[in-house]
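Inspection log for the structure reproduced underneath, given as structure tokens.
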Amino acid sequence: MDAIVFWIAAGVAVAAAVNLIIQARPINSVLSLVVVLFALAVIYLQLSAEFIAALQIIIYAGAIMVLFLFVVMLLNLKQGDEEGRRGVLHSFGLLLGGAILLEISIVIRLFVPSAIHPGAQAITSNFGSVGQIGRLLFDDYLLPFELTSILLLITVAGALVLAAGRREERE
Amino acid sequence: MIPLSHYLLLSAIIFGLGVVGVIISRNLIKLLMSVELMLNAANLVFITFARWYGDPGVHIFVFIVFVVAAAEAAVGLSLVIAVFRRKESVDVDILRLLKG
């Protein structure tokens with residue numbers, strides 16, 4: 001049962017990721033990415049990361065993807081000549097992607113242990129729950145957590161400055 | 001339990017697809033989405049090893065990657081809007097100011 005769920009989720013994720021790349025219209029790519037995120041959330045649940053799976057759906061699929069959708073709708077893109085005159089780059093991209101995949105597979109084959117680590121058996125039932133992650137976040141990892149708030153503040157300022165444009169252009 | 005290498009291989013495939021997308025896509029928005037794909041592949045590795053070693057602290061780093069992805073999307077999309085306002089297009093091929 002575990003394996004079936006994994007294979008379905010993995011297949012959906014890979015198929016949607018391929019679809020993201022080959023679709024010509026950006027709106028189809030955004031929706032494909034939402035499908036990838038949902039499939040990955042299923043796999044996170046399988047790995048008993050409940051809180052992260054919920055965050056994946058609420059923040060990633062819910063908030064970040066809606067931001068992408070807004071921009072796609074806002075820009076009202078014209079359908080340009082999507083393919084053509086990029087043949088060299090296409091083959092280079094496929095070659096580089098294949099090389100990275102091959103390299104990672106070799107590393108996985110050579111260096112990843114096949115025996116189950118004792119830590120994998122020793123997890124408690126509340127592993128990855130909101131309570132546990134919250135306690136870690138506000139205790140052991142308080143400084144990184146606070147730093148992310150500064151990052152978000154700077155992002156708000158930067159996004160406003162970039163998207164608002166110069167005054168004379170606006171008028 | 002599904003072997004560790006399956007999860008890592010899935011993450012490698014998604015990362016590779018993200019790399020392909022970054023290189024071959026001509027649309028700036030699709031390019032940003034391919035970057036998101038690569039960030040998700042990294043997240044999957046984090047979650048996998050958190051489960052493998054039984055260490056919930058790794059989940060915090062996934063949380064931080066979420067925040068970084070949100071920041072990247074917000075700034076990247078405002079750059080896309082700025083480019084569109086100036087050039088009336090989001091094609092990466094028209095951005096050749098630095099090409100010399």
Side-chain angles (χ1 to χ4, degrees), chain A residues 2-3 6 10 13-14 17-18 20-21 26 29 33 36 40 44 47-49 51-52 55 59-60 64 67-68 71-72 75 77 80 86 89-90 92-94 96-97 100-101 104-105 108 112 114 117 119-120 122-123 127-128 132-133 136-137 140-141 144 148 151-152 155 158-159 162-163 165, chain B residues 1-10 12-21 23-27 29-30 32-34 36-37 40 43-44 47-48 50-57 59-60 62-64 66-71 73-75 77-82 84-85 89-91:
Chain A
D2 233 20
F6 173 78
V14 171
V18 170
L20 187 159
I21 295 170
S29 297
L33 187 49
V36 176
L40 285 179
Y44 292 172
L47 289 165
S48 48
F51 180 54
I52 296 296
L55 278 189
I59 295 181
Y60 236 122
I64 300 180
L67 193 64
F68 272 95
V71 172
V72 169
L75 294 189
L77 297 172
R86 304 250 299 175
L89 215 49
H90 267 233
F92 174 69
L94 288 176
L96 190 63
I100 287 175
L101 184 57
I104 298 178
S105 332
I108 289 170
V112 168
S114 53
H117 191 266
I123 64 165
F127 181 82
Q132 193 184 31
I133 303 297
L136 279 168
L137 199 57
D140 292 0
Y141 294 94
T148 58
L151 174 70
L152 284 177
T155 305
L162 287 171
Chain B
M1 197 174 158
I2 297 144
L4 176 64
S5 57
H6 284 28
Y7 291 108
L8 299 182
L9 206 60
L10 173 63
I13 291 170
I14 292 177
F15 189 87
L17 286 171
V19 171
V20 173
I23 291 173
I24 73 174
S25 60
R26 284 178 55 190
N27 189 318
I29 299 174
K30 264 177 78 181
L32 276 176
M33 278 190 283
S34 304
E36 300 281 336
L37 216 52
N40 268 288
N43 273 351
L44 181 57
I47 299 277
T48 305
R51 179 69 180 76
W52 190 254
Y53 291 111
D55 181 6
H59 290 178
I60 307 300
V62 179
F63 177 80
I64 290 171
F66 279 173
V67 176
V68 171
V75 173
L77 288 172
S78 21
L79 279 171
V80 170
I81 290 175
F84 185 79
R85 185 177 291 137
S89 167
V90 290
D91 194 327

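Letters go in sequence order (proteins before strands), and every chain restarts at 1.
At a 4.5 Å heavy-atom cutoff, the contact between B:Asn43 and chain A is made by backbone and side-chain atoms alike. For A:Leu20, the parts sitting under 4.5 Å from any heavy atom of chain B are the backbone and the side chain alike. Using a 4.5 Å cut-off between heavy atoms, B:Ile13 contacts chain A through both its backbone and its side chain. Only the side chain of B:Phe15 comes within contact range of chain A, with at least one heavy atom under 4.5 Å from a heavy atom of that chain. For a residue to count as touching a neighbouring chain, one of its non-hydrogen atoms must lie under 4.5 Å from one of that chain's; by this rule A:Phe127 touches chain B with the side chain only. Proximity to chain B involves both the backbone and the side chain of A:Ala10, based on heavy atoms less than 4.5 angstrom apart. Heavy atoms closer than 4.5 Å to chain B are found in the side chain of A:Ile64, but not in its backbone. Both the backbone and the side chain of B:Pro56 come within less than 4.5 Å of a heavy atom in chain A. The part of A:Leu33 that comes within reach of chain B is its side chain, from C-beta onward, which places non-hydrogen atoms under 4.5 angstrom from that chain.
Across A:Pro26 and B:Met33, no two heavy atoms sit closer than the pair O-CE, 4.0 Å. Of all heavy-atom pairs between B:Leu10 and A:Phe6, the closest is CD2-CE1, 4.3 Å. The two residues B:Ala71 and A:Thr155 have their closest heavy-atom pair at CB-OG1, 3.2 Å. In terms of heavy-atom proximity, B:Leu17 sits nearest to A:Ile21 at O-CD1, 2.9 Å.
Here the side chains of A:Tyr44 and B:Leu44 are in contact, with some heavy-atom distance below 4.5 Å. Within the 4.5 Å cutoff, the side chain of A:Tyr141 has no heavy atoms near those of the B:Ile64 side chain. With a 4.5 Å cut-off on side-chain heavy atoms, A:Leu40 and B:Ile47 do not count as touching.
With respect to chain A, the highest number of heavy-atom pairs below 4.5 Å among B:Val20, B:Val19, B:Val75 belongs to B:Val20. When each of B:Val68, B:Val80, B:Leu37, B:Val62 is scored by its heavy-atom pairs under 4.5 Å with chain A, the top score falls to B:Leu37. The candidate with the highest count of non-hydrogen atom pairs below 4.5 Å against chain B, out of A:Ile133, A:Val18, A:Asp2, A:Val36, is A:Ile133. In terms of non-hydrogen atom pairs under 4.5 Å with chain B, the most contact-rich of A:Ser105, A:Gly97, A:Pro144, A:Ala163 is A:Ala163. Note on B:Ala69, B:Gly18, B:Gly16: by heavy-atom pairs under 4.5 Å with chain A, the leading option is B:Ala69. For the set B:Ala82, B:Ser34, B:Ala73, the entry with the most heavy-atom pairs within less than 4.5 Å of chain A is B:Ala73. The most heavy-atom pairs under 4.5 Å with chain A, out of B:Val90, B:Ile14, B:Ile81, B:Ile60, come from B:Ile60.
In this structure, B:Ser78 has no side-chain hydrogen bond (donor to acceptor under 3.5 Å, both in side chains) partners at least two apart in sequence or on a different chain. Considering only residues two or more places apart in sequence or on other chains, A:Ile108 meets the side-chain contact (heavy atoms from CB on, under 4.5 Å) condition with A:Ile104, A:Val112, B:Ser5, B:Leu8, B:Leu9.
A distance of 8.0 Å separates CG of A:Leu47 from NE2 of B:His59, quoted to the nearest 0.5 Å. If you take CZ on A:Phe68 and CD1 on B:Ile29, they are separated by 8.0 Å, rounding to the nearest 0.5 Å.
Using a 30° and 60° split on the angle between ring planes, A:Phe51 and B:Phe63 fall in the parallel class, below 30°.
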